[in-house]
Amino acid sequence: MTEDEITVILDKAHGCVESECAVNDVDDLIAELKDQQKVLNSRLETIMNVVAHLQQANTQEGRKTDDVRAIVKDMLRVFTTQDGKFAMGFSGDIGDGPTTAYDALPPKPWKDVAP
């Protein structure tokens with residue numbers, strides 16, 4: 001978790017304590033904690049998968065350094081922050097924007113199937 005994320009949770013918790021834990025304050029705190037739980041569970045799953053792949057790649061006979069290096073680079077994505085947020089999964093960038101199947105794929109040649 002980043003310092004900003006921790007600060008948000010602590011601020012909501014302090015706000016709850018100072019306002020005698022009103023229902024709305026507790027609901028806000030619970031929502032924030034659930035959001036962070038989802039993010040952390042996703043990161044933990046990614047880390048567990050990377051560890052398994054790294055162990056397998058590292059113990060293979062005829063170990064390929066390029067494979068191990070690629071797995072370590074994937075692992076770094078989990079811990080790298082960009083714009084104050086952790087990089088997780090697909091960035092959402094798709095080339096030059098949305099395209100149709102006709103634009104993205106070359107058409108198949110037409111065949112006349114006359115009997």
Side-chain angles (χ1 to χ4, degrees):
M1 291 176 65
T2 64
E3 287 188 38
D4 292 338
E5 292 168 335
I6 294 170
T7 302
V8 167
I9 291 173
L10 291 176
D11 287 346
K12 288 189 185 225
H14 287 296
C16 175
V17 169
E18 290 171 2
S19 68
E20 298 179 7
C21 290
V23 174
N24 291 340
D25 293 334
V26 175
D27 286 341
D28 290 344
L29 180 60
I30 290 171
E32 183 65 34
L33 289 171
K34 284 184 178 183
D35 289 343
Q36 286 304 318
Q37 181 182 18
K38 289 177 189 174
V39 170
L40 292 173
N41 281 335
S42 174
R43 289 186 64 210
L44 179 60
E45 182 179 336
T46 302
I47 291 169
M48 289 170 54
N49 288 334
V50 168
V51 167
H53 285 97
L54 190 57
Q55 284 176 332
Q56 181 183 9
N58 200 38
T59 59
Q60 282 181 347
E61 211 166 302
R63 176 182 173 265
K64 295 181 180 176
T65 307
D66 291 338
D67 291 346
V68 174
R69 184 178 293 128
I71 293 171
V72 172
K73 282 183 181 179
D74 287 344
M75 181 206 48
L76 287 175
R77 281 188 313 112
V78 176
F79 296 102
T80 303
T81 57
Q82 192 172 26
D83 299 327
K85 297 181 181 179
F86 286 97
M88 296 296 295
F90 179 59
S91 66
D93 297 334
I94 307 173
D96 295 331
T99 59
T100 65
Y102 295 105
D103 296 333
L105 302 172
K108 292 184 177 180
W110 185 77
K111 295 180 181 176
D112 187 12
V113 222

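Closest heavy-atom contact between Thr59 and Gln55: OG1-O, 2.9 Å. Taking each heavy atom of His53 and Asn49 in turn, the nearest pair found is ND1-O, 2.7 Å. The minimum heavy-atom distance between Leu29 and Lys12, with the atom names listed, is CD1-CB, 3.9 Å.
The CD1 atom of Ile30 sits 11.5 Å away from atom CD of Gln37, with the distance rounded to the nearest 0.5 Å. Note that the CG atom of Leu54 and the CD1 atom of Ile47 stand 12.5 Å from one another [nearest 0.5 Å]. Going from atom CG of Asp35 over to atom CG of Leu40 covers 11.0 Å, rounded to the nearest 0.5 Å. Distance NZ/Lys38 to NZ/Lys34: 8.0 Å, rounded to 0.5 Å.
Asn41 places none of its side-chain heavy atoms less than 4.5 Å from the side chain of Glu45.
A side-chain donor-acceptor contact under 3.5 Å links Thr46 to the backbone of Ser42.
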